[in-house]
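The next block holds one structure in the form of structure tokens; read it before the comments.
One-based numbering, in listed order, for ligands and for the atoms of each.
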Amino acid sequence: MVSSPSSPILCNSPRVTIVGAGRVGSTLAQRIAEKNLADVVLLDIVAGMPQGLALDLMEARGIELHNRQIIGTNNYADTSNSAIVVITAGFPRKPGMSRDDLLKVNAKIVVAAAKNAIAFSPNAILIVVTNPLDVMTYLAKQATNLPRDRVMGMAGVLDSARFETFVALELGVLPADVKAIVLGSHGDLMVPLPRYATVNGIPVTELLDQATIERMLARTRNGGAEIVELMQTGGAFFAPASAASVMVESILLNQSRLLPVATYLQGEYGLENVVIGVPCRLGCGGIESVLELTLSDGEKAALQASAQSVRQNIHRAQEILADVQG
Ligand SMILES: NC(=O)c1ccc[n+]([C@@H]2O[C@H](COP(=O)([O-])OP(=O)(O)OC[C@H]3O[C@@H](n4cnc5c(N)ncnc54)[C@H](O)[C@@H]3O)[C@@H](O)[C@H]2O)c1
Ligand SMILES: O=C(O)C[C@H](O)C(=O)O
């Protein structure tokens, strides 16, 4: 009964739709409900699966002490009036693949998901998770024609959390005391910035030698692949769901958190008409502002290279989509 799409939604409760009720999507639904942030609509193409997950999550409410509604559906009409739509629909990579190898299979899924979801929630803020992340975020923006403050991708929060984790493990300090930032694309050319990484304000460059830092940067760049290789079936989902939930939280609670977010650049960092990760303030309107950090020549060059690889893949994706349409 409770998982039926026609179940009543609590008055004045914000609603978050998650398109793709797989591992990332279902874990994100759990995080959002258990953090008591919003009601959740889980949508998937597989019949019965999102309904089953929603019922399971609803049955945990009394134990987890929250009263959020979780609805499972295969129908976009049930997602209407969502404040936020998160797109996790699509294929994860297999061992040996790069994220870019998913471009062909995921491009049309993301474009259709973005268009369908925004048709029923025209005021929603869109957060893309599906890989290859930066290209998919660009396609979602293009397909919906939403302003850039309302379309963004999740990757930098995850990549930064991985870098922070490796620093915390190396130094034996509390993970929450480590702060780091990773910019650029969510791929091999991501741009971690060790000189901005600190342990409670102390730069990690004071605490670790260069060789150790380089080893951590390489592990951060390879962070997703490391898990794909270990699991053999699909990729990471606990930390990705946590990272997406932080973005959802900052928007719903208007926290104005300054987070690395994949956004459409309009001249910032000397880049335009491309999506890559840069520090953004996230509040109730979505991306409130983009912060332009002062970068060294080497960091600027790394960001340019990262953007260039995304541009090439945007071009490939557009050719693929044109073939599908034509
Ligand atoms: N940006 C990041 O940092 C990050 C992190 C983790 C995963 N990802 C990506 O997120 C995506 C999902 O990963 P996952 O581990 O949850 O995969 P998964 O296979 O567990 O889930 C994907 C879900 O999408 C559904 N789906 C497929 N086509 C659909 C459509 N047209 N409409 C609605 N639903 C559809 C599938 O049925 C499946 O349930 C992958 O592309 C993965 O690479 C990105
Ligand atoms: O690596 C992947 O394929 C999934 C995701 O992008 C990740 O970084 O965990």
Looking at ligand 2, would I227 count as a contact under a 4.0 Å heavy-atom criterion? no
So, taking the atom named CG in L43 and the one named CG in D78, what distance separates them when rounded to the nearest 0.5 Å? 8.0 Å
Can A236 be said to touch ligand 2, with heavy atoms closer than 4.0 Å? yes
F91: heavy atom below 4.0 Å from ligand 1, yes or no? yes
M136 heavy atom under 4.0 Å from ligand 1: no
Report the nearest protein non-hydrogen atom to atom 9 (O) of ligand 2: residue, atom name, distance rounded to 0.1 Å. R162 NH2, 2.7 Å
Residue portion contacting ligand 1 (non-hydrogen atoms closer than 4.0 Å) for L158: side chain
Between the OG atom in S242 and the NZ atom in K35, the distance rounded to the nearest 0.5 Å is 6.5 Å
Just to confirm my output: which protein heavy-atom neighbour is closest to atom 38 (C) of ligand 1, and how far is it? D44 OD2, 3.5 Å
Would you mind running through ligand 2 and noting each atom that sits below 4.0 Å from a heavy atom of R99? 1 (O), 2 (C), 5 (C), 6 (O), 7 (C), 8 (O)
For atom 30 (C) of ligand 1, what's the nearest protein heavy atom and its distance? I45 CG2, 3.7 Å
Per-atom filter on ligand 2: closer than 4.0 angstrom to a heavy atom of H186 are 5 (C), 6 (O), 7 (C), 8 (O)
Which of the atoms of ligand 2 are close to G224, meaning less than 4.0 Å from one of its heavy atoms? 1 (O), 7 (C), 8 (O), 9 (O)
Where is the nearest protein heavy atom to atom 19 (O) of ligand 1: which residue, which atom, and how far? P92 CD, 3.5 Å
Is a donor from one side chain sitting under 3.5 angstrom from an acceptor on the other, for Q308 and Q304? no
Would A236 count as a contact residue for ligand 1, given that I'm defining contact as a non-hydrogen atom of the residue lying under 4.0 Å from a ligand atom? yes
Quick one: look at P240 and ligand 1, take heavy-atom pairs under 4.0 Å, and tell me if it's side chain, backbone, both or neither. side chain
Given S26, G22, G90, which one has a non-hydrogen atom that is nearest to atom 24 (O) of ligand 1? G90
Mind checking whether H186 and T137 have side chains closer than 4.5 Å, heavy atoms only? no
Side chain, backbone, both or neither: which part of T130 comes within less than 4.0 Å of ligand 1 when only heavy atoms are counted? both
Hey, which atoms in ligand 2 end up nearer than 4.0 Å to a heavy atom of L158? 7 (C), 8 (O)
Close-contact set for ligand 2 against R93 heavy atoms, below 4.0 Å: 1 (O), 2 (C), 3 (O)
With heavy atoms under 4.0 Å as the rule, classify the contact between N106 and ligand 1 as side chain, backbone, both or neither. side chain
Closest to atom 31 (N) of ligand 1 among protein heavy atoms sits I109 CG2, 3.6 Å
Distance to 0.1 Å, residue and atom name: give those for the protein heavy atom nearest to atom 44 (C) of ligand 1. V129 O, 2.8 Å
Restricting to side chain to side chain contact (heavy atoms under 4.5 Å, CB included), what partner residues turn up for P122, sequence neighbours left out? none
Who's closest to atom 8 (N) of ligand 1 heavy-atom-wise, of T88, N131, L43? N131
Using a 4.0 Å heavy-atom cut-off, which part of L133 comes near ligand 1: side chain, backbone, both, or neither? side chain
Closer than 4.0 Å to some heavy atom of H186 - which atoms of ligand 1 meet that? 1 (N), 2 (C), 3 (O)
Which atoms from ligand 1 have a heavy atom of V46 less than 4.0 Å away? 37 (O)
